[in-house]
Amino acid sequence: EPEVTQTPSHQVTQMGQEVILRCVPISNHLYFYWYRQILGQKVEFLVSFYNNEISEKSEIFDDQFSVERPDGSNFTLKIRSTKLEDSAMYFCASSEGVQPQHFGDGTRLSIL
Amino acid sequence: RKEVEQDPGPFNVPEGATVAFNCTYSNSASQSFFWYRQDCRKEPKLLMSVYSSGNEDGRFTAQLNRASQYISLLIRDSKLSDSATYLCVVDSGGYQKVTFGIGTKLQVIP
């Protein structure tokens, strides 16, 4: 069964540094998403991406965040200047139509 | 009212038991509803979509009540492997953004 893959599985970064999280969505999917889950809390929507542009974003997705689809397969989330509170599990998801979404196994981001 | 509300549990049930979870949502324009399952520190995995007519997949049955804005999940003949957190997920009214509930933790005990 095709799946969403994410790299790295764990990223440790100093506060203030830039970090890029990578995702390869399922190949025939057209919609891409990033979510985060702080330990012990619920999964939170960050951004959705369709037709090479952001289609929706949450209030969490401020100017420190950006997404890109640099080629036909990768989908990246960049955090420009990381803060301690950015420590979380970040999930990428993709969908063929608007729903349902299929999730990758996540990148654990630890900010020191 | 929270956008998507679930009882966090935990629900501790013996093997073979039937257990039901409910979830309420606040956006009357929501059109798509799902149950996902999440194991500890893993990604959410789609369990089933929820339709107005109700749907069943083996031991799992999902129901949607639009008038009361709640969704239910029934698990029959619980297995140890059903132990997980069950996430209620609702769209924002036909858009791509979905909102997750906090999840209901289920522990099936031998």
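Quick note on labels: first sequence line is chain A, next is B, and so on, each numbered from 1.
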Undergrad: Is there a path from B:Leu73 to B:Phe11 through hydrophobic residues (I, L, V, M, F, W, Y) whose side chains come within less than 4.5 Å of each other?
TA: yes
Undergrad: If we ignore angles and hydrogens, is there a donor and acceptor under 3.5 Å between the side chains of A:Gln99 and B:Ser32?
TA: no
Undergrad: So what's closer than 4.5 Å to chain B heavy atoms on A:Gln37: side chain, backbone, both or neither?
TA: side chain
Undergrad: Are B:Tyr86 and B:Ile109 co-members of a hydrophobic cluster defined by side-chain heavy atoms under 4.5 Å apart?
TA: no
Undergrad: Considering only heavy atoms, which portion of A:Phe49 lies under 4.5 Å from any heavy atom of chain B: side chain, backbone, both, or neither?
TA: backbone
Undergrad: What part of B:Ile102 is in contact with chain A, defined as an atom under 4.5 angstrom from a non-hydrogen atom: side chain, backbone, both or neither?
TA: both
Undergrad: Taking atom CD as the centre, does B:Glu15 end up with more than 12 heavy-atom neighbours from other residues, nucleotides or ligands that are less than 6.0 angstrom away?
TA: yes
Undergrad: Could you state whether B:Val19 and B:Val108 fall into the same hydrophobic cluster, counting links through intermediate Ile, Leu, Val, Met, Phe, Trp or Tyr residues with side-chain heavy atoms under 4.5 angstrom apart?
TA: yes
Undergrad: Does A:Val43 share a hydrophobic cluster with B:Val98, counting links as ILVMFWY side-chain heavy atoms below 4.5 Å and allowing steps through other members?
TA: yes
Undergrad: Using a 4.5 Å cut-off on heavy atoms from C-beta on, say whether the side chain of B:Pro44 contacts that of A:Tyr35.
TA: no
Undergrad: Would the number of heavy atoms belonging to other residues, nucleotides or ligands and lying under 6.0 Å from CZ of B:Arg41 be above 12?
TA: no
Undergrad: Minimum heavy-atom separation for A:Gln101 and B:Gln96, please, with both atom names.
TA: NE2-O, 3.0 Å
Undergrad: Need one label for A:Leu39: side chain, backbone, both or neither, based on atoms under 4.5 Å from any heavy atom in chain B.
TA: side chain
Undergrad: What's the shortest heavy-atom distance between B:Glu43 and A:Phe103, and which atoms?
TA: CG-O, 3.9 Å
Undergrad: I want to check something: taking the side chain as every heavy atom from C-beta on, are B:Phe100 and A:Gln41 in contact at a cut-off of under 4.5 Å?
TA: no
Undergrad: Could you look at B:Thr85 and say if it's the side chain, the backbone, both or neither that has a heavy atom under 4.5 Å from chain A?
TA: neither
Undergrad: Just wondering, are more than 12 heavy atoms of other shown residues or ligands nearer than 6.0 Å to CG in A:Asp62?
TA: yes
Undergrad: To the nearest 0.5 Å, how far apart are NZ in B:Lys97 and OG in A:Ser55?
TA: 12.5 Å
Undergrad: Are B:Tyr36 and B:Phe60 co-members of a hydrophobic cluster defined by side-chain heavy atoms under 4.5 Å apart?
TA: no
Undergrad: Should B:Lys45 and A:His102 count as side-chain neighbours, where that means a heavy-atom distance under 4.5 Å?
TA: no
Undergrad: Given that the side chain runs from C-beta out, which part of A:Tyr31 has a heavy atom under 4.5 Å from chain B: side chain, backbone, both or neither?
TA: side chain
Undergrad: Would you mind telling me which of A:Lys57, A:Glu56, A:Lys42 has the largest number of heavy-atom pairs within less than 4.5 Å of chain B?
TA: A:Glu56
